[in-house]
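Since this is a predicted model, take the numbers as computed values, not measurements.
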2 protein chains.
Amino acid sequence: MYSKKISNAVIKRLPRYHRYLGELLENQVTRISSKELGDRMGVTASQIRQDLNNFGGFGQQGYGYKVEYLYNEISQLLGLGKKYNVIVVGAGNLGQALANYLDFEKSGFVIKALFDVNPRLVGLFVRGIEVMDMDNIKVFVKNNNIDIAMLTLPKANASQIAVELVSYGIKGIWNFAPVNLEISDDSVVVENVHLFESLITLAYIIKNEEDPHTDDMYSMEIQ
Amino acid sequence: MYSKKISNAVIKRLPRYHRYLGELLENQVTRISSKELGDRMGVTASQIRQDLNNFGGFGQQGYGYKVEYLYNEISQLLGLGKKYNVIVVGAGNLGQALANYLDFEKSGFVIKALFDVNPRLVGLFVRGIEVMDMDNIKVFVKNNNIDIAMLTLPKANASQIAVELVSYGIKGIWNFAPVNLEISDDSVVVENVHLFESLITLAYIIKNEEDPHTDDMYSMEIQ
DNA sequence: TAGATTGTTAATCGATTAACAATC
DNA sequence: TAGATTGTTAATCGATTAACAATC
């Protein structure tokens with residue numbers, strides 16, 4: 001069966017369509033054209049139609065798109081409604097913040113445990129979820145069918161632990177450590193969130209907008 | 001004076017070059033060719049040379065690049081070494097995690113205060129930094145020359161507060177709220193960090209790699 | 001039916017890669 | 001000098017936008 005490759009650019013836009021459609025739904029909007037949705041989102045109608053047609057024809061000529069139907073279709077595409085078992089590796093501030101973020105749970109990302117090497121943290125409970133010693137991670141991942149690890153470790157340990165996690169059968173790593181994980185195994189998906197680089201980029205653009213030598217040439221479009 | 005527009009794609013790669021060069025420096029590597037740097041980073045030598053030549057010729061023919069020199073030049077380009085006054089707006093888990101992240105301070109992003117509406121949080125100190133009542137934000141921003149606001153508010157309040165901050169003269173907003181801030185004012189730069197969308201994207205790719213109907217067609221390249 | 005808007009093909013634009021003369 | 005590798009121009013590739021026939 002042939003199916004064409006979906007570009008990463010398109011995939012990254014899907015959650016955003018989903019979010020906007022969710023808002024329309026909340027506001028009792030029942031139908032929308034690609035033109036109007038594009039105007040609201042700040043993208044072209046063409047792009048929306050091209051993107052959606054990677055996955056199928058969800059609209060009707062002369063009418064537009066049914067908001068609820070399209071919302072549900074995109075939910076399906078994204079796999080929302082599926083349940084993912086998650087661990088948080090590194091129970092510092094960021095790890096705890098992630099564990100406390102309830103919206104993940106609502107969307108099917110169920111956090112099963114946190115892990116840390118720090119004995120002061122081990123045994124604590126964050127929102128009812130236990131912080132376990134890193135030594136237990138292997139057994140835990142294997143016994144609890146863990147799909148995704150949220151990695152909030154310091155740079156020094158991140159790569160090694162990531163490789164271990166992959167060997168225990170984890171399917172995805174959401175990486176907050178400031179390293180690019182080098183994992184040869186193709187069965188794992190890595191998504192890097194380099195917060196620091198994001199902040200530096202922001203500062204760079206501020207700096208150059210202020211700079212009187214340069215024209216106003218950096219757009220504020222981002223993400 | 002003419003200067004050509006630097007594309008966003010290039011700007012977003014600069015911090016990554018900076019990071020790799022920093023690591024080379026730590027390992028006492030003194031020179032590197034675009035070929036070897038590209039191999040390490042997983043990009044083409046061409047891309048590195050093209051990117052750098054947006055800003056000037058930093059290398060020498062037949063030799064390559066001096067690591068320390070190039071590192072310093074990119075630091076300069078990015079404005080590292082400059083000092084930015086920062087506030088964290090929303091002192092929940094994520095806000096506190098950001099305030100605790102020392103690496104920001106090291107790089108010149110000095111957090112001056114946190115703000116929250118929750119009276120339980122107001123008056124607390126996070127790493128010696130006071131959590132203040134949101135009512136004080138206007139005066140504080142104006143009196144303390146605040147450059148950047150890290151916004152970790154719930155969706156409902158984010159847009160309104162963002163608009164206010166802009167009116168108080170803030171230059172950049174690092175937005176963690178799951179909304180696209182609509183700010184017409186061109187003098188402010190917004191960088192959105194939509195963590196939830198990032199996680200959904202990860203899950204989507206996992207799902208489709210597993211799915212036996214589709215070939216292995218989603219690359220694990222990300223960011 | 002007439003008007004609107006899709007799905008889809010074609011044109012454009014921009015970013016990446018390749019090639020190579022310049023030169024250290 | 002000969003070899004290596006840059007800076008830069010040209011070619012390719014992919015993503016975005018425009019156009020329009022199909023059709024609700």
Side-chain angles (χ1 to χ4, degrees), chain A residues 2-14 16-17 21 24 29-71 73-74 77 201 217-219 221-223, chain B residues 2-14 16-17 21 24 29-71 73-74 77 201 217-219 221-223:
Chain A
Y2 170 78
S3 54
K4 85 173 152 301
K5 175 164 166 54
I6 314 283
S7 83
N8 218 272
V10 174
I11 295 170
K12 296 239 173 237
R13 281 194 292 265
L14 287 180
R16 195 151 169 264
Y17 293 136
L21 288 163
L24 289 170
V29 179
T30 55
R31 72 180 253 199
I32 193 148
S33 68
S34 57
K35 170 80 170 63
E36 194 186 333
L37 184 58
D39 287 348
R40 286 177 190 243
M41 295 182 63
V43 302
T44 62
S46 257
Q47 181 163 76
I48 292 173
R49 296 207 299 280
Q50 286 279 24
D51 284 354
L52 295 178
N53 280 93
N54 281 296
F55 304 99
F58 301 124
Q60 296 160 248
Q61 278 111 325
Y63 177 89
Y65 299 86
K66 286 189 175 153
V67 173
E68 189 172 5
Y69 172 72
L70 186 55
Y71 178 79
E73 286 293 314
I74 295 181
L77 281 174
T201 305
M217 54 186 181
Y218 301 96
S219 84
E221 161 275 319
I222 279 143
Q223 144 84 295
Chain B
Y2 171 78
S3 54
K4 87 173 152 307
K5 175 163 166 55
I6 315 282
S7 83
N8 218 273
V10 173
I11 294 170
K12 295 239 173 238
R13 281 193 293 265
L14 286 179
R16 195 151 169 265
Y17 293 136
L21 288 163
L24 289 170
V29 178
T30 55
R31 72 181 254 200
I32 192 145
S33 66
S34 56
K35 171 81 168 64
E36 193 186 333
L37 184 58
D39 287 348
R40 285 176 190 243
M41 295 183 63
V43 301
T44 63
S46 256
Q47 181 163 77
I48 292 173
R49 296 208 298 279
Q50 286 279 25
D51 283 355
L52 296 178
N53 280 93
N54 281 298
F55 305 99
F58 301 124
Q60 295 161 250
Q61 277 111 326
Y63 178 89
Y65 299 86
K66 287 190 175 151
V67 174
E68 189 172 4
Y69 173 72
L70 185 56
Y71 177 81
E73 287 293 315
I74 295 180
L77 282 173
T201 305
M217 54 187 181
Y218 300 95
S219 83
E221 162 277 320
I222 278 142
Q223 143 83 298

Glu36(B) has an atom CD; how far is it from atom P of dT6(D), in whole Å?
11 Å
Partners of Ser33(B) by side-chain contact (heavy atoms from CB on, under 4.5 Å), sequence neighbours excluded?
Lys35(B), Glu36(B)
Atom pair distance, as rounded to whole Å: CD1 in Ile48(A) and P in dT6(C)
9 Å
To the nearest 0.5 Å, how far apart are CG in Leu37(B) and CD1 in Ile48(B)?
4.0 Å
Nearest-Å distance, OH (Tyr69(B)) to C1' (dT6(D))?
14 Å
By side-chain contact (heavy atoms from CB on, under 4.5 Å), Glu73(B) pairs with (sequence neighbours left out) Phe58(B), Tyr69(B)
Any chance you could list the contact pattern along nucleotides 19-24 of chain C? Use B for base contacts, S for sugar-phosphate-only contacts and - for none, protein heavy atoms under 4.0 Å, 5' to 3'.
BB-BBB
Length of the line joining Met41(B):CE and dT16(C):P, which is rounded to integer Å:
13 Å
Does dA4(C) have its OP1 or OP2 closer than 4.0 Å to a side-chain nitrogen or oxygen of Tyr65(A)?
no
For the atom pair CG (Leu21(B)) and CZ (Arg16(B)), what is the distance rounded to the nearest 0.5 Å?
11.5 Å
Residue Arg31(B), side-chain atoms from C-beta onward, closest of dT5(D), dT16(D), dT17(C):
dT5(D)
The reported gap from OG in Ser34(B) to CG in Leu52(B) (rounded to nearest 0.5 angstrom) is 8.5 Å
Taking only residues two or more places apart in sequence, or in another chain, which ones meet Arg13(B) in a salt bridge (charged side-chain N to carboxylate O under 4.0 Å, His left out)?
Asp51(B)
CD of Gln47(A) versus C1' of dT6(C): gap in Å, rounded?
17 Å
Taking the side chain as C-beta and beyond, is there a heavy-atom pair between Phe55(B) and Val10(B) under 4.5 Å?
yes
Report the residues that fulfil side chain to side chain donor-acceptor pair (under 3.5 Å) with Thr201(A), sequence neighbours left out, ordered by chain and then residue number.
none
Where do N or O atoms of nucleotides 9-13 of chain C meet protein N or O atoms at under 3.5 Å, pair by pair?
unit_1 : atom_1 : unit_2   : atom_2 : d
dT9(C) : O4     : Gln50(A) : NE2    : 2.7

May I have the distance from Lys35(A) (atom NZ) to dA18(D) (atom P), rounded to whole angstrom?
12 Å
Among pairs that include at least one residue of residues 56-67 of chain B, which meet side chain to side chain donor-acceptor pair (under 3.5 Å), considering only residues two or more places apart or in two chains?
none
Range-with-range stems of DNA chain C (Watson-Crick or G-U pairs under 3.5 Å, three or more in a row)
C:3-24 with D:3-24
Measure the distance from CD1 on Ile6(B) to P on dG14(C) and round it to the nearest whole Å.
15 Å
Under the side-chain contact (heavy atoms from CB on, under 4.5 Å) test, residues paired with Val29(B) that sit two or more places apart:
Leu24(B), Asn27(B), Val67(B)
Quick one: ring-ring contact (aromatic ring centres under 6.0 Å, His included) partners of Tyr71(B), sequence neighbours excluded?
His18(B)
N/O (side chain, Ser34(A)) to phosphate O (OP1/OP2, dT5(C)) under 4.0 Å:
no
Given atom CG of Leu52(A) and atom P of dT8(C), what is their separation to the nearest angstrom?
12 Å
